[in-house]
*Asks:* 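I am attaching a structure below and will ask some questions about it afterwards.
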Amino acid sequence: MSRRTKIYEGKAKILYEGPEPGTLIQYFKDDATAFNAEKKGTINGKGVINNRISEHVFTRLGHIGIPTHFIRRLNMREQLIRQVEIIPLEVVLRNVAAGSLSKRLGIEEGEPLPHTLIEYYYKDDALGDPLVAEEHIACFNWCSNEEMHDISSMAIRINDFLCGMFAAIDIRLVDFKLEFGRLYDGDYSRVILADEISPDGCRLWDMATGEKLDKDRFRRDLGGEEEAYREVARRLGLLNNEDTGPGEVFDLSHARSRLRGPPPLKK
């Protein structure tokens, strides 16, 4: 096999030249980063799980009319996607106070928001992906008013769908990140959903226990990252019991105990 041309390497994925014009191959890595890459590590098997989850989510979004860059999954770690011009914005939808929102505004984590909040962050690692207002987006022409309308409309529809999808498997969608890109056809372009949707970019809490099933386990040194990602995939029907080991039952408290060591002996 001839060596593929690498187009771009990010913190969690690598993009290679695709087999046909206008396509790319998206490779999912096991690398994990947090706090603008100040913290780095590896979550074993993360790339495989995220590939499966993102494929599942993008396919279901396509069924409700959301245009996406996803074409098909190629293997355990790779997808064939449409090549787009990424709009330099991270679109964050929040249903429950958590993370930076709680820190910025002093709202207790876990407090339900009166309505879904959409925030925009300028994609620039050197600047720490700063929070920006719609006025900034218009002033610096990061995208047009028509594109902003399309982005916000799609984002709300995606949020409504994903909240229901995860609630059906007893997971609360606390917040999540979206990215969009321009798909060109000659001089004409339209906005479509790009990047990925996985536990890397979502906060997912078990509805009964409040256990975190996402990258916050890595950010906050909670342990059990591999088990949490696999549990999300299992509940979505993407893994069966054999995939998690014969008779294995997901238990985050057990994962924590392995991280912290054995309990002290009682006197």
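The model shown is predicted, which means the values in this text are computed figures rather than measured ones.
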*Asks:* Using side-chain heavy atoms (C-beta onward) and a distance below 4.5 Å, is Leu193 in contact with Met154?
*Replies:*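 Side-chain contact under 4.5 Å: no.
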
*Asks:* Name the one of Arg235, Glu231, Met207 that satisfies side chain to side chain contact (heavy atoms under 4.5 Å, CB included) with Ile169?
*Replies:* Arg235

*Asks:* For Ile86 and Ala194, work out which heavy atoms get closest and say how close.
*Replies:* CD1-CB, 3.8 Å

*Asks:* Could you check whether any side-chain N or O of Asp214 sits under 3.5 Å from a backbone N or O of Leu204, counting only pairs where one atom can act as donor and the other as acceptor?
*Replies:*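 Between the backbone of Leu204 and the side chain of Asp214 there is a qualifying donor-acceptor contact (under 3.5 Å).
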
*Asks:* Heavy atoms only: give me the nearest Ala97-Ile107 pair and the separation to one decimal.
*Replies:* CB-CG2, 3.6 Å

*Asks:* Has the side chain of Asp129 got a donor or acceptor atom that lies under 3.5 Å from a matching backbone atom of Asp124?
*Replies:* yes

*Asks:* Is a side-chain N or O of Thr33 found less than 3.5 angstrom from the main chain of Lys11, in a donor-acceptor match?
*Replies:* no

*Asks:* Look at Asp206 together with Lys212 and state whether they make a salt bridge at an N to O cut-off of under 4.0 Å.
*Replies:*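 Not counted as a salt bridge, because no side-chain N and carboxylate O are separated by less than 4.0 Å.
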
*Asks:* Taking CG in Asn75 as the centre, count heavy atoms belonging to other residues, nucleotides or ligands within less than 6.0 Å. Is the count above 12?
*Replies:* yes

*Asks:* Which pair of heavy atoms, one from Glu78 and one from Asn51, lies closest together, and at what distance?
*Replies:*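 The pair with the smallest heavy-atom distance is N-ND2, 3.2 Å.
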
*Asks:* Would you call Arg217 and Glu225 a salt bridge, using N to O less than 4.0 angstrom?
*Replies:* no

*Asks:* Are Ile14 and Lys6 side-chain neighbours, meaning at least one heavy-atom pair lies under 4.5 Å?
*Replies:* yes

*Asks:* Taking the basic N atoms (NZ, or NE/NH1/NH2) and the acidic carboxylate oxygens, is any pair closer than 4.0 Å for Asp185 and Arg190?
*Replies:* no

*Asks:* Look at Arg203 together with Asp216 and state whether they make a salt bridge at an N to O cut-off of under 4.0 Å.
*Replies:* yes

*Asks:* Any carboxylate oxygen within less than 4.0 angstrom of a Lys/Arg side-chain nitrogen, looking at Asp200 and Lys29?
*Replies:*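 No, this pair does not count.
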
*Asks:* Would you call Lys46 and Glu196 a salt bridge, using N to O less than 4.0 angstrom?
*Replies:*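 No salt bridge links Lys46 with Glu196.
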
*Asks:* What closest approach, in Å, do Asp175 and Ala98 show between heavy atoms, and which atom pair accounts for it?
*Replies:* OD2-CB, 4.0 Å

*Asks:* Check whether Gln83 reaches the backbone of Pro21 with its side chain - one donor and one acceptor, N or O, closer than 3.5 Å.
*Replies:* no

*Asks:* Taking the basic N atoms (NZ, or NE/NH1/NH2) and the acidic carboxylate oxygens, is any pair closer than 4.0 Å for Arg77 and Asp30?
*Replies:* yes

*Asks:* What heavy-atom pair brings Ala32 and Phe218 nearest, and what distance separates the two atoms?
*Replies:* O-CZ, 3.7 Å

*Asks:* Between Tyr16 and Tyr27, what is the ring plane arrangement, given parallel below 30°, perpendicular above 60°, and tilted in between?
*Replies:*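 Rings of Tyr16 and Tyr27: perpendicular, as their planes differ by over 60°.
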
*Asks:* Quick check: closest heavy atoms across Tyr120 and Ser152, and the distance to 0.1 Å?
*Replies:*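 For Tyr120 and Ser152, the tightest heavy-atom pair comes out as OH-CB, 3.9 Å.
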
*Asks:* Applying salt bridge (Lys or Arg N to Asp or Glu O under 4.0 Å) to Glu146 and Arg182, what does each step give before you reach the verdict?
*Replies:* CA-CA 12 Å; Glu146 182 179 356; Arg182 297 181 183 95; over 6 Å; no

*Asks:* Assess the residue pair Asn159 and Asn95 against the criterion (side-chain hydrogen bond (donor to acceptor under 3.5 Å, both in side chains)); give the C-alpha distance rounded to whole Å, side-chain angles, the decisive distance to 0.1 Å, and a yes or no.
*Replies:* CA-CA 9 Å; Asn159 181 65; Asn95 301 303; 3.0 Å; yes

*Asks:* Where do Thr59 and Arg73 land on the side-chain hydrogen bond (donor to acceptor under 3.5 Å, both in side chains) test, with the steps shown first?
*Replies:* CA-CA 10 Å; Thr59 299; Arg73 181 167 60 88; over 6 Å; no

